[in-house]
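Scroll down for the structure; my scribbles are underneath it.
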Amino acid sequence: MKQKSALFDLHCDTLTRSLYCSATAGAGLLDDPAAQLSLSRMPAGTKWVQCFAVFVPDDKRGAEGAAFFDRWAAAFAQEMEREKDRVCWCRSAGDLAAAMDAGKVAALLTVEGGSALGGKLERMDTLWDAGVRMMTLTWNGENELASGHDTGAGFSAFGREVVGTMEERGMVVDVSHLNDRGFEELLGIAKKPFVASHSNARSVCAHRRNLPDDFIREMVARHCLIGLNYCKDFLSDDGRGNLEDLWRHVERFLELGAEKCLALGSDYDGADMHPDLDGVEKALGIYDFLTERGLPGETAEDILFGNAWRFFQGVLS
């Protein structure tokens, strides 16, 4: 497989885009031409793995949060049936490989916001059976597990239990949106490598959604995975967020030793993006951009695909 024609994207909000954007009449959730990610706009012949998140807003708690997830997990299942000729619903490493061999998009279901559990540990069975293989613990605010970057609290006892159960199950822990206190507490909880699915470097762009250098070093030491976010506000302090700004983050991550930990986490359909990055058809161009800046082809291939592929091949049974 020629990796410059392969891409692994750790996060998009395309599935729940209709919550805050008008949808094109008659279009499926994953093939809306107005969306940043549309199946029909993916470059032909590309080996593509896409994580589709069920985004659970902060105001959905308890039974309401659980019901919200259930609704959108069912919608995802319907989309997988609708698009079965070009998408493979993946739950295991073997499924991912089979999708690549079949020339289909490999779709992984994820969660953004641990309120999907409704505050009940037994709902881990529900999420797992629905196909969820990675969960972002929080969004911006506080939920039953922990607190996002807009709040200051740490982990609850329930949240600590959830992390342990996720690791036992083989569900990947995602720390994007988690606040600094929560990240530091997680270091004492987590026993396995975890992911920041869509987070950049705070030393390049000071937004608190981004990772401080010491957090990045810790993730490198633990063989974790970090997905570059294309959001303008997370790429540059002036909100420009073009390819040059993305390159500045790549350089910083590499300076911190993240060559084998760095991946893509676009945040498609959940963020405002510069025209350089605004749309799924632009993504493969990142390879040429990185190599033109002097990055070895193998390193660029690893960022676009290889690092995330190896990570998930290792953690998914």
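- The residue from L108, L37, L39 that alone fulfils the side-chain contact (heavy atoms from CB on, under 4.5 Å) condition with Q50 is L37.
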_Pair T46, S5 - check side-chain contact (heavy atoms from CB on, under 4.5 Å), show working._
CA-CA 5 Å; T46 303; S5 297; 5.6 Å; no
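- The CD atom of E112 sits 5.0 Å away from the CG atom of D13 when rounded to the nearest 0.5 Å.
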*Output, in order, the C-alpha distance, side-chain angles, deciding distance and verdict of salt bridge (charged side-chain N to carboxylate O under 4.0 Å, His left out) for R209 and D150.*
CA-CA 9 Å; R209 262 283 282 109; D150 282 347; over 6 Å; no
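- E144 and S115 are linked by a side-chain donor-acceptor pair at a separation below 3.5 angstrom, with hydrogens and angles left out of the test.
- One hydrophobic cluster, built from ILVMFWY side chains closer than 4.5 Å, holds both L243 and I303.
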*asked:* Apply side-chain contact (heavy atoms from CB on, under 4.5 Å) to residues Y268 and H11 and explain how you reach the verdict.
replied: CA-CA 7 Å; Y268 285 136; H11 182 81; over 6 Å; no
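- A cation-pi arrangement is present between R133 and W128, with the terminal nitrogen or guanidinium carbon under 6.0 Å from the aromatic centre and inside a 45° cone about the axis.
- Side-chain atoms of D95 and W89, non-hydrogen and from C-beta on, never get closer than 4.5 Å to each other.
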*Could you go through the side-chain contact (heavy atoms from CB on, under 4.5 Å) check for T136 and S197 one step at a time?*
CA-CA 8 Å; T136 316; S197 65; 4.3 Å; yes
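- The pair R293-E251 does not count as a salt bridge, with every side-chain nitrogen at least 4.0 angstrom from each carboxylate oxygen.
- For the side-chain contact (heavy atoms from CB on, under 4.5 Å) criterion with M42, the lone passing option out of L7, V280, D31 is V280.
- Around atom CD of E298, no more than 12 heavy atoms belonging to other residues, nucleotides or ligands sit under 6.0 Å away.
- Side-chain contact between E81 and Q78 is absent, with no heavy-atom pair separated by less than 4.5 Å.
- A salt bridge links R202 with D180: the distance from a Lys NZ or Arg NE/NH1/NH2 to an Asp or Glu carboxylate oxygen falls below 4.0 Å.
- Between M135 and T110, the closest side-chain pair of non-hydrogen atoms is not below 4.5 Å.
- Between H249 and F253, the ring planes are tilted. Angles from 30° to 60° get that label.
- Between the CG atom of D302 and the CG atom of L295 there is a distance of 9.5 Å, given to the nearest 0.5 Å.
- Between the CG atom of D101 and the CG atom of L96 there is a distance of 11.0 Å, given to the nearest 0.5 Å.
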_Full working for side-chain contact (heavy atoms from CB on, under 4.5 Å) between S38 and D32_ = CA-CA 6 Å; S38 173; D32 189 336; 5.7 Å; no
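- Using a 4.0 Å cut-off between charged nitrogen and carboxylate oxygen, D85 and K104 do not count as a salt-bridge pair.
- Atom CD of E218 and atom CD of E184 lie 10.5 Å apart (nearest 0.5 Å).
- Side-chain contact check for R160 versus V163: every heavy-atom pair is 4.5 Å or farther apart.
- When hydrophobic clusters are built by joining Ile, Leu, Val, Met, Phe, Trp and Tyr residues whose side-chain heavy atoms come closer than 4.5 Å, directly or via intermediates, Y287 is grouped together with L290.
- The pair K84-E79 does not meet the salt-bridge criterion, since no charged nitrogen lies less than 4.0 angstrom from a carboxylate oxygen.
- By the 30° and 60° cut-offs, the orientation of the rings of F55 relative to W139 is perpendicular.
- The existence of a salt bridge linking E167 and K191 is excluded, since no basic side-chain nitrogen approaches an acidic carboxylate oxygen closer than 4.0 Å.
- Classification of R248 and E244 as a salt-bridged pair fails, no side-chain N sitting under 4.0 Å from a carboxylate O.
- R86 and S40 are linked by a side-chain donor-acceptor pair at a separation below 3.5 angstrom, with hydrogens and angles left out of the test.
- Under the 4.5 Å side-chain heavy-atom criterion for ILVMFWY residues, no single connected hydrophobic cluster contains both F234 and I216.
- For the residue pair N143 / T138, no side-chain donor-acceptor distance below 3.5 Å is found, with atom types taken as modelled.
- Counting non-hydrogen atoms of neighbouring residues, nucleotides and ligands closer than 6.0 angstrom, the CG atom of D272 reaches no more than 12 such neighbours.
- Between F8 and F312, the ring centre distance stays below 6.0 Å.
- Note: the hydrophobic cluster containing F215 does not contain V204 (ILVMFWY, side chain heavy atoms under 4.5 Å, direct or indirect links).
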*Where do N210 and S199 land on the side-chain hydrogen bond (donor to acceptor under 3.5 Å, both in side chains) test, with the steps shown first?*
CA-CA 5 Å; N210 290 335; S199 296; 5.8 Å; no
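- If you take OH on Y230 and OG on S266, they are separated by 5.5 Å, rounding to the nearest 0.5 Å.
- Partner R240 forms a salt bridge (Lys or Arg N to Asp or Glu O under 4.0 Å) with one of D233, D245, D276 and no other, that one being D245.
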